[in-house]
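Treat the numbers as computed from the prediction; the structure is a model and nothing was measured.
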Amino acid sequence: MSLCQEAHGRKLATGRAQILVLYELEPPGLDEAGTVHSDIVPVSVCKLEKITHADLLHGLASGFDVIYLQACSAPQGKDPQRLEVDLVRALGGLGRILLFNGAAGLDRRLAARLLPFPSVAPEVLAVGSRRDTARASAAALLPASTGHAELPDQAPYGSVSLDEDLCNSCNSCVWVCPSDALSLTESGGALSFVESLCTQCGLCVSICPQRALSMMPGMDLTAYAVLPHLLAGEGGQMEPTDAGGAAAEDPAAMEPPPAETGLPFAEVSLTPVPETRHTGRV
């Protein structure tokens with residue numbers, strides 16, 4: 001947070017691009033690296049494997065224009081790191097997050113002419129959980145018209161779809177869901193889903209005896225991602241629930257409210273959702 005605050009302040013004061021270099025083994029010549037148009041902030045980290053997409057997205061959205069991330073040298077860390085970088089690129093960091101192995105080429109990249117990207121105040125994004133920070137950062141980085149971002153396989157964000165013809169309402173999926181993304185409405189016991197809570201762990205799919213569930217990676221960037229919806233089957237399409245647990249009949253209720261300039265999410269009037277038998281929460 002302090003690094004982002006300082007970078008954000010320097011960008012506002014000087015108009016210079018802010019470059020963050022994260023490394024575990026210091027590249028030769030990094031101390032002497034510098035540009036006329038950019039500020040370079042080198043940071044040594046204990047374990048590159050601990051740097052996640054949430055950290056990188058927050059940095060790009062709240063102060064830094066480009067992040068250079070040293071590639072993991074440990075074989076077991078290369079694939080997880082690559083997934084984190086792919087997530088950042090899909091969520092607004094394309095062209096702004098780059099891996100490097102050593103000093104070769106890093107000095108030339110650092111000397112390139114960079115223009116500052118827009119950013120928001122760090123404290124606006126770093127609220128709630130790390131998943132909340134990643135979602136808010138992605139909403140700030142991507143164009144305002146982006147309602148849904150496609151993500152690579154194995155991404156920890158996405159939706160669940162239901163084949164109602166196969167489902168026998170055994171409710172096994174609800175009981176194994178570790179994040180309460182799946183629950184049952186009190187009225188009629190319909191299957192309800194909250195995308196923002198889903199980690200795409202796959203437990204619901206693997207335990208379903210009828211093979212009625214499937215997952216689709218992605219991120220809904222609208223305010224409705226945090227609201228419970230009834231699973232309606234094909235393609236993960238869902239219907240918002242009203243206070244009685246039934247699907248809302250007014251089509252206008254399905255339309256998201258207009259976004260306001262400067263906010264990572266559109267403001268929305270939240271309607272209380274039905275208490276669920278699984279969580280006991282309202």
Would you mind reporting whether [Y] and [X] have side-chain heavy atoms less than 4.5 Å apart?
X: Thr133; Y: Leu57; value: no
X: Val205; Y: Leu213; value: yes
X: Gln5; Y: Glu123; value: yes
X: Phe100; Y: Leu69; value: no
X: Pro178; Y: Cys201; value: yes
X: Leu141; Y: Phe117; value: no
X: Ser161; Y: Leu231; value: no
X: Leu151; Y: Met219; value: yes

Restricting to non-hydrogen atoms, name the atom on [X] and the atom on [Y] that form the minimum distance, rounded to 0.1 Å.
X: Ala140; Y: Leu125; result: CB-CD2, 4.4 Å
X: Thr185; Y: Ser192; result: CG2-CB, 4.0 Å
X: Glu195; Y: Gly218; result: OE2-O, 4.1 Å
X: Ser183; Y: Val174; result: CA-CG1, 3.9 Å
X: Ala149; Y: Leu91; result: CB-CD2, 3.9 Å
X: Trp175; Y: Asn171; result: CD1-O, 2.9 Å

Worksheet entry | Lys/Arg-Asp/Glu bridge criterion (N-O < 4.0 Å) met for Arg130, Asp55 |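 Salt bridge flag = yes for Asp55 with Arg130.
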Discussion item. Would Cys167 and Leu162 count as a side-chain contact (heavy atoms from CB on, under 4.5 Å) here? Give the steps.
Written reply: CA-CA 8 Å; Cys167 180; Leu162 171 70; 3.8 Å; yes
[atom1]-[atom2] distance between [X] and [Y], expressed to the nearest 0.5 angstrom:
X: Leu191; Y: Leu230; atom1: CG; atom2: CG; answer: 8.5 Å
X: Leu166; Y: Cys208; atom1: CG; atom2: SG; answer: 8.0 Å
X: Leu83; Y: Asp153; atom1: CG; atom2: CG; answer: 9.5 Å
X: Gln210; Y: Ser169; atom1: CD; atom2: OG; answer: 10.0 Å
X: Ile97; Y: Glu84; atom1: CD1; atom2: CD; answer: 10.5 Å

Discussion item. Enumerate the ring pair (Phe, Tyr, Trp, His ring centres under 6.0 Å) contacts for residues 142-164, please, sequence neighbours excluded, ordered by first and then second residue.
Written reply: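 Found His53-Tyr157.
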Discussion item. Quiz question: by atom type and distance under 3.5 Å, do the side chains of Ser119 and His8 form a donor-acceptor pair?
Written reply: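 Yes, side-chain donor-acceptor contact under 3.5 Å.
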Worksheet item: Got a sec, which residues hit salt bridge (charged side-chain N to carboxylate O under 4.0 Å, His left out) with Arg10, two or more places apart in sequence or on another chain?
Response: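 For Arg10 the salt bridge (charged side-chain N to carboxylate O under 4.0 Å, His left out) partners, ignoring immediate neighbours, are Asp39.
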Practice prompt. State which residues pass salt bridge (charged side-chain N to carboxylate O under 4.0 Å, His left out) with Arg131; sequence neighbours excluded, sorted by chain then number.
Written response: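 Residues passing salt bridge (charged side-chain N to carboxylate O under 4.0 Å, His left out) with Arg131: none at all.
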Check: [Y] main-chain N/O paired with [X] side-chain donor or acceptor under 3.5 Å:
X: Ser196; Y: Ala225; answer: yes
X: Asp132; Y: Ser129; answer: yes
X: Ser38; Y: Gln18; answer: no
X: Ser62; Y: His58; answer: yes
X: Lys11; Y: Glu6; answer: no
X: Gln70; Y: Leu48; answer: no
X: Glu24; Y: Cys72; answer: no
X: Arg96; Y: Val66; answer: no

Could you work out, with side chain to side chain contact (heavy atoms under 4.5 Å, CB included) as the rule, every residue matching [X], not counting sequence neighbours?
X: Cys198; answer: Val160, Ala181, Phe193, Gln200
X: Ser73; answer: none
X: Leu94; answer: Arg89

Fill in: With Leu56, the side chain to side chain contact (heavy atoms under 4.5 Å, CB included) member among Leu20, Leu87, Leu22
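Output: one option passes, namely Leu22.
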Practice prompt. Given side-chain contact (heavy atoms from CB on, under 4.5 Å), test Val21 with Ile40 step by step and report yes or no.
Written response: CA-CA 7 Å; Val21 181; Ile40 299 173; 4.0 Å; yes
Worksheet item: How about Gln154: does its CD atom have over 12 heavy atoms from other parts shown lying under 6.0 Å from it?
Response: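 Open: at most 12 neighbouring heavy atoms sit under 6.0 Å from CD of Gln154.
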Worksheet item: Would you say Glu150 has more than 12 foreign heavy atoms packed within less than 6.0 Å of its CD?
Response: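 Atom CD in Glu150 is not crowded, with 12 or fewer foreign heavy atoms closer than 6.0 Å.
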Between [X] and [Y], is there a shared hydrophobic cluster once you connect ILVMFWY residues whose side-chain heavy atoms come closer than 4.5 Å?
X: Leu114; Y: Leu12; value: no
X: Met216; Y: Val194; value: no
X: Leu60; Y: Val45; value: yes

